[in-house]
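Input: a single structure, listed below in structure tokens.
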Amino acid sequence: MTVGATMSPAAARRAPQWKRACLKASLACALLLASVAVSPRPSHGDEVSYRFSFAAGTVAPDRLERPLGLAVDRQGNVVLADGGMARIQRRTAGGELLAQWSSFTTSKGAERLIAPRGVAVDTAGNIAVTDAQRKTVRVFSPQGLLLRSFGSEGTADGDFLRPVGIAVDGQNNLYVVDEEASRVQKFRADGAFVLKLGGLGGGQGQLRLPTGIAVDGDGSLYIADTGNNLLQKFDAQGRYLRQWGGLGTEDGRFQRPVGLAIDAEGNVLVADTGNRRVQKFSPQGEFLAKWDAAAEWLAVDASGAVLTSSPQGSRVDRYSTSGDLKGSWGRAGARDGELRAPRGVALDPQGNILVADSLNHRVQVFDPQGKFLRSWGTLGTQTGQFDTPVALTVDRQGLVYVVEAGNNRVQKFDSAGKFLATWGRSGSGEGEFQSPAAIATNGAVVLVLDTGNYRVQKFDTSGKFLASWGSQGSGNGQFLSPVAVAVDAAGNAYVADYAGGDRVSNALQRFGPDGALLQRWTSGDLPNVNPTGIVVDGLGNIYLADHPRPASLFPQAGRDRVVKLDPSGRLLAQVGGPGIENGQLAGPTALAVSADADIFVADTMNQRVQKFSFLRPTTPISVGTPTPAPPPVLSPVDAPFLLSPGAGAALTSVAVSLSWKNPPSVTQYHLQVVPHTGDGPGLDLIVGDTALVQAASYTIPAPALGRGPYLLLPDMTYYWRVRTATLGSPLGAGDEGWNSWSEIRTFRTPTRSALGVIPVAPHDGQMLAGPSTTLSWRYTSGDVFYFEVQMSTDPAFETDPEKARASVAWNVVHGGETSPGNSWNTPSLEKGIDYYWRVRPRVQGDGKPVPWSPAWRFRAP
């Protein structure tokens, strides 16, 4: 479907590509959230706004967070994908930064790289980048100007499921490794599809979760067949030539090979990541040399030096052709004032900013202007040491309480960092923790969010246990994925639940000092927020850090921002938006608020803390419960008034009738129905049929006989909205001519009943006749998009599946338009070994698979 075309409902049902255009359009709208001061008009009361003030923790340009793909251009400059910062960098051979970018402009507006994985440089110096999450390849100029892009999500020719490695040959043809689809595709320089090779399996020419790729001077392809622990070679036409390797630690064997490169002599270099080494082979696969290196991706420069990326070490190393280390550049932010994944922020009585510098295992202190003052802590288990400090809080006397996820404890310090006390250990008893995630104090009590035990624990300031409440679930007082806690002066506790963002559950709950539930906001009650952090000010206003997983298609949905709510949950302001520039956020978590209502944000993925200054309004801000809005008075320019379903209504079928009240003289309506996760089917259609428009409703049917194509998925929360037009001529999807959008309503489709899967063959305990077999099963329902199969050689597979060594294969059919097969051909099996297998059905985007079938056992001959 082309978004914007006038379509009948029947035509809209045949449009599986609707969400691609909708996604691109919404990303342009998301720029509205990326300004440094965002001031939406609340539905009641006065407008309030903030502006960016400063960032603390900003690091020098040689900083690298997680370098992945590597390439070298004809000038000897190094191009790399910094996966931790979601950006591309171009540097000199010595590491000096020449250019970097993460955002770029398309014909649809501005977009960002999300998960850059592989890079390749063509003969003109243009840089091709794979984005594993966006399922695309982008080609940039050396300065970062977007030249072209191609690819989208799917398994058709030219589509991708998870593009990772990429290489370019002498004619500027591009070869892209699709890890999840277990194949490689070749494209011309303009993005036109040429051929494909591979396919899931363990035979010659088949691949399993491949990653790296390289092309030699003759056009031969070398592919890191990571899942099979092999290196495979193909000719320029994609014909299989040979392979070598296999699982092991001996010379010529691999444990998870990833990056590949070709040196000047045509030899092949392999990043043998599991064995922490680089191996060198002749073009025929003859082992030549090896050296120790924490390498994942490789490149070779004009001098023959071998460059390796070390994601865990946050650096690029340079080796001679014989494997001697010649130098390194890049580093993580570990110096004074630099941060790595800051997860907690608090203010002391003097206005100093304290930060839980999680991956540097320390606390850092900055003055009120963001200047570094001091730090304390190192990695360890002793008092005064930390293992992943994830949150901290400060009381009125300046005493500091730090909670550690790694050590499952709380430590207490004075304002200078002198150790005072500690409490807690791993466990589920009183005063024990499992992966605690947050901490808060009002000076009288200390609350710890005990995430792994799905509860809040309450202590006095000396660490004496007082009470606890909560359990796992979506009912009142329960938690699904609790991430943040706050406490007000009266001792009331506020708990943010991240799972509330994509399920109708407890996005935010308020408890009394005794743990009794006082108020509950579900995801439908809040302004499209996936909460990741929370703080409450002296007036009872609530501040939530908001980070999507993944972002909704609607631009109003949470997209890396902070929202400020009054005590009733009404939106007062929002700040931030996705990006790496000042005033933009990437994965915000913890928050702090000053007495002047300034906001301090732990901008976790940008490795910094940002301050947003409160701009005081000219009239006082009303607090408390707002006066209910009067019923809308409709006119030809008003938005339609949505009637049902809404407020997270739970449906009894995947069929739903959407209804609204139209303004007079409506000639068209534009309806959008989008899954909250941004993944899965939905609707984006324009209806101009007079009878349908006047009906002011639209019915989304269930699939016939339980089989696709699905227009809605089971067990999914959906957003929907409508806008109307009163013009005589048909309109497209652009904004011109349309009235305003309605408010957004939500509903949830029912949970799908368990689908019956019955294993058929091989029978339990059967001895096979050959080195491989076909697993087959029967299923009793048609609403299946694909099956997930697991095999293991671990006897614990039947009793303790989480510990089993399993291999997984799947068959994805997007849109449900055809039935998946109910069998899977295994790779070659190890002789005389017992194997265990099981199967379960999946629905694309369901997020909640049904249980596995019983495990069956068979033996290879």
Side-chain angles (χ1 to χ4, degrees), residues 19-31 33-34 64-69 79-89 100-120 127-140 144 146 148-154 159-166 176-181 211 297 309 311 341 498 501-502 530 532 546-555 557-561 576-581 584-589 603-607 674-680 845:
K19 72 173 183 176
R20 297 177 183 171
C22 186
L23 176 60
K24 293 177 181 177
S26 69
L27 290 171
C29 298
L31 277 184
L33 295 178
L64 287 175
E65 182 58 29
R66 192 169 180 266
L68 295 171
V79 179
L80 60 90
D82 188 356
M85 298 295 287
R87 65 186 176 187
I88 302 301
Q89 293 190 341
Q100 67 178 355
W101 63 92
S102 63
S103 299
F104 53 91
T105 302
T106 72
S107 60
K108 300 294 185 181
E111 295 186 12
R112 288 190 65 210
L113 293 167
I114 298 179
R117 287 295 178 267
V119 294
I127 301 163
V129 181
T130 58
D131 192 322
Q133 187 162 332
R134 290 202 186 277
K135 328 292 186 186
T136 57
V137 173
R138 313 278 189 185
V139 182
F140 299 92
L146 180 65
R148 57 190 169 274
S149 64
F150 57 89
S152 57
E153 183 175 7
D159 287 344
F160 306 109
L161 294 179
R162 182 177 168 80
V164 285
I166 188 169
V176 183
V177 180
D178 191 341
E179 180 182 28
E180 190 170 330
T211 51
W297 297 87
S309 67
Y498 192 52
D502 59 4
N530 290 301
T532 53
D546 178 18
H547 176 59
R549 60 169 196 182
S552 165
L553 299 189
F554 284 153
R559 296 184 63 86
D560 290 306
R561 61 178 179 170
I580 63 174
E581 305 300 328
Q584 296 178 332
L585 302 169
T589 52
D603 187 9
T604 304
M605 294 172 64
N606 282 328
Q607 323 298 334
V674 180
H676 183 277
T677 60
D679 180 26

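Values below: every heavy atom of this structure, side chains too, minus hydrogens, waters and symmetry copies. These figures come from a predicted structure and were not determined experimentally.
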**Report entry** R162: partners by salt bridge (charged side-chain N to carboxylate O under 4.0 Å, His left out), with sequence neighbours left out
**Finding:** E179
Query raised in the report: Can any side-chain N or O of D82 pair as donor or acceptor with the backbone N or O of R66 at less than 3.5 Å?
Result: yes
Query raised in the report: So do the side chains of W101 and I127 get within less than 4.5 Å of each other, counting heavy atoms only?
Result: yes
**Report entry** Where V137 and A128 come nearest, the two heavy atoms and their spacing
**Finding:** CG1-CB, 4.5 Å
**Report entry** Nearest-0.5 Å distance, OG1 of residue T589 to NE2 of residue H547
**Finding:** 10.0 Å
Query raised in the report: What residues form a side-chain hydrogen bond (donor to acceptor under 3.5 Å, both in side chains) with D131, not counting sequence neighbours?
Result: none
Requested in this report: Quick one: list whatever passes salt bridge (charged side-chain N to carboxylate O under 4.0 Å, His left out) with D178, sequence neighbours left out.
Outcome: none
Report task. For the pair D546 (side chain) and N530 (backbone), establish whether a donor and an acceptor sit closer than 3.5 Å, ignoring hydrogens and angles. Result -> yes
Query - Check: L161 main-chain N/O paired with E153 side-chain donor or acceptor under 3.5 Å - result: no
Query - T211: side-chain hydrogen bond (donor to acceptor under 3.5 Å, both in side chains) partners, not counting sequence neighbours - result: T226
**Report entry** Partner set under side-chain contact (heavy atoms from CB on, under 4.5 Å) for P116, not counting sequence neighbours
**Finding:** A81, A86, I88, L113, V129
Query raised in the report: Should P588 and D560 count as side-chain neighbours, where that means a heavy-atom distance under 4.5 Å?
Result: yes
Query raised in the report: Can you tell me if K135 uses its side chain to pair, donor with acceptor, with the backbone of S152 under 3.5 Å?
Result: no
Report summary line: The side-chain contact (heavy atoms from CB on, under 4.5 Å) partners of S149 (sequence neighbours excluded) come to R138
**Report entry** Exercise: identify the closest heavy-atom pair between V164 and T130
**Finding:** O-OG1, 2.5 Å
Query raised in the report: Among all residues two or more places apart in sequence or in another chain, which pass the ring pair (Phe, Tyr, Trp, His ring centres under 6.0 Å) test with F160?
Result: F187
